[in-house]
Amino acid sequence: MSESSVLRVGLLGFGTVGSSFAEVLAASGREDILITRIFNRGVERKRSHERAKFLQPEVQWIEQAEGVIEAADVDVVVELIGGLDPVGGWLRAALKVGKHVVTANKQLIAYRGPELFDVAAKANVQLLYGAAVAGGVPVIPGVAQGLGGDEITRVSGIVNGTCNFILSSMEAGADYGEVLANAQRAGYAEANPSADVDGVDARAKLCILTRLALRAEINPDEVPAQTISAVAAVDFAYAKELGCTIRQVSRSQKHGDKVQARVGPMLVPTTSPIAWSHGTQNMVVTKGRFGGDVVFSGHGAGGHPTAVAVMSDVLAIAQGSAAVRLPTKHAEVSGEVSAPYYLRFIVADEPGIVAAIAGVLAKHHINIDSILQHRGHESERLPFVVTTEPCSSAVLEEAIAEMGAMPFMLEPPLALQILVVDDKDTD
Ligand SMILES: NC(=O)c1ccc[n+]([C@@H]2O[C@H](COP(=O)([O-])OP(=O)(O)OC[C@H]3O[C@@H](n4cnc5c(N)ncnc54)[C@H](OP(=O)(O)O)[C@@H]3O)[C@@H](O)[C@H]2O)c1
């Protein structure tokens, strides 16, 4: 804070969230928080951005990050560029010279959080990242501060709005390719949607949540992530018959010294709040030993909701509030779970298929719960479904590999975990 009690902000990145932050700050009427410098490439283009009108005329536009990080008239660096490099080096340098840092960068906090928290602690400054998970939904401060007193044993939910938009549109009858193209046109999905649909974005967020909720440091690269791109319209029809829908769920829970963590499309009972999230909404459910289940929900993305979380972090710094930092331990990830599964096969129909599949499952000691086959499909390309009783995911994988190699199988079988809701669970 400067001597005049004004908190001077140096902004890195004037894109969707950066420009929305300028608008939210202007709307707050806070004269004690001022954007003094903005770094972005090609600043001439940014000066004429429609939201540049929310800035003070004296703001300095800069094309070198150092011009913000090292500036004497910057107390807090707000980073809204994204990615690991070069941003990681810039933020480390900013913390070292005594600037507070606020960021929405989930990859950086997931992969390099502990190192940066240590640099911040040594420099006696704050590193806040409330926008890094679930955008405008206050999951990060809620779990860190609001639930810091509980022992959380499981965290699960929907943390990728793009996947939720795609899957909830498919639930309403849309086709995967069509809805992905619509999401790209509407700006919800990138031209290369892999980070979203293959679970890369969600697993970074799951690691941040796991650190805060389970107090365990896990490596994002070790978290198994299953793509949603193999889910088809027919799966929603069968899921409905089972009292479920399909959502990309990110989930981690303690398992001895390890953390069971996974991201992927799962069958979610329609009685679970996770099934009720539609469009780009995010939803996180924590399970506390003493406090029970807590549900966070709201807009997980978009310039304005995300800027609200950034603004809240800046306000906390202006007020001199210190972030709660609880000790964490490194933990190995176990992708292995015991759960019931939904298996969908597309086959060229012939006698003996069900017996062949049942034979493989029996060989691996996997019990069948139900067999579903809707009428009206062509026998040359027949979808049918088997649900199993709870079984080991590793054993199931072996069985799937065996079944996938059978001559009548037209595409690799799809295996989706079925979330179980019992009386004590919300998710
Ligand atoms: N958008 C959301 O809904 C949302 C939600 C939660 C978290 N976040 C996080 O917020 C951060 C910002 O996201 P965003 O959606 O605002 O992205 P964005 O619209 O692409 O904005 C990024 C800004 O940074 C600039 N930039 C990128 N690389 C740069 C570089 N190497 N040097 C200088 N300037 C550079 C871009 O300039 P150009 O215009 O030249 O590309 C752009 O102005 C990311 O960490 C993202 O993960 C976003």
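When reading the values below, keep in mind they use all heavy atoms of this one structure, side chains included, and skip hydrogens, waters and symmetry mates. Whatever order the structure lists them in is the order used to number ligands and atoms, beginning at 1.
Residue pairs meeting the side-chain hydrogen bond (donor to acceptor under 3.5 Å, both in side chains) criterion with at least one member in residues 295-310, sequence neighbours excluded: Glu23-His304, Gln281-Ser297.
Centroid-to-centroid, the aromatic rings of Phe39 and Trp61 stay 6.0 Å apart or farther.
For the residue pair Gln260/Ser252, the side-chain donor-acceptor check at 3.5 Å is not satisfied. Side-chain atoms of Asp198 and Thr227 include a donor-acceptor pair closer than 3.5 Å. A donor-acceptor pair shorter than 3.5 Å can be found between the side chains of Thr328 and Glu217.
Protein residues with a heavy atom under 4.0 Å from ligand 1 are Gly13, Phe14, Gly15, Thr16, Val17, Phe39, Asn40, Arg41, Arg45, Lys46, Leu80, Ile81, Gly82, Ala104, Asn105, Lys106, Ala131, Ala301, Gly302, Thr306.
Under 4.0 Å is where a charged nitrogen must lie from a carboxylate oxygen, and between Asp150 and Arg289 no such pair does.
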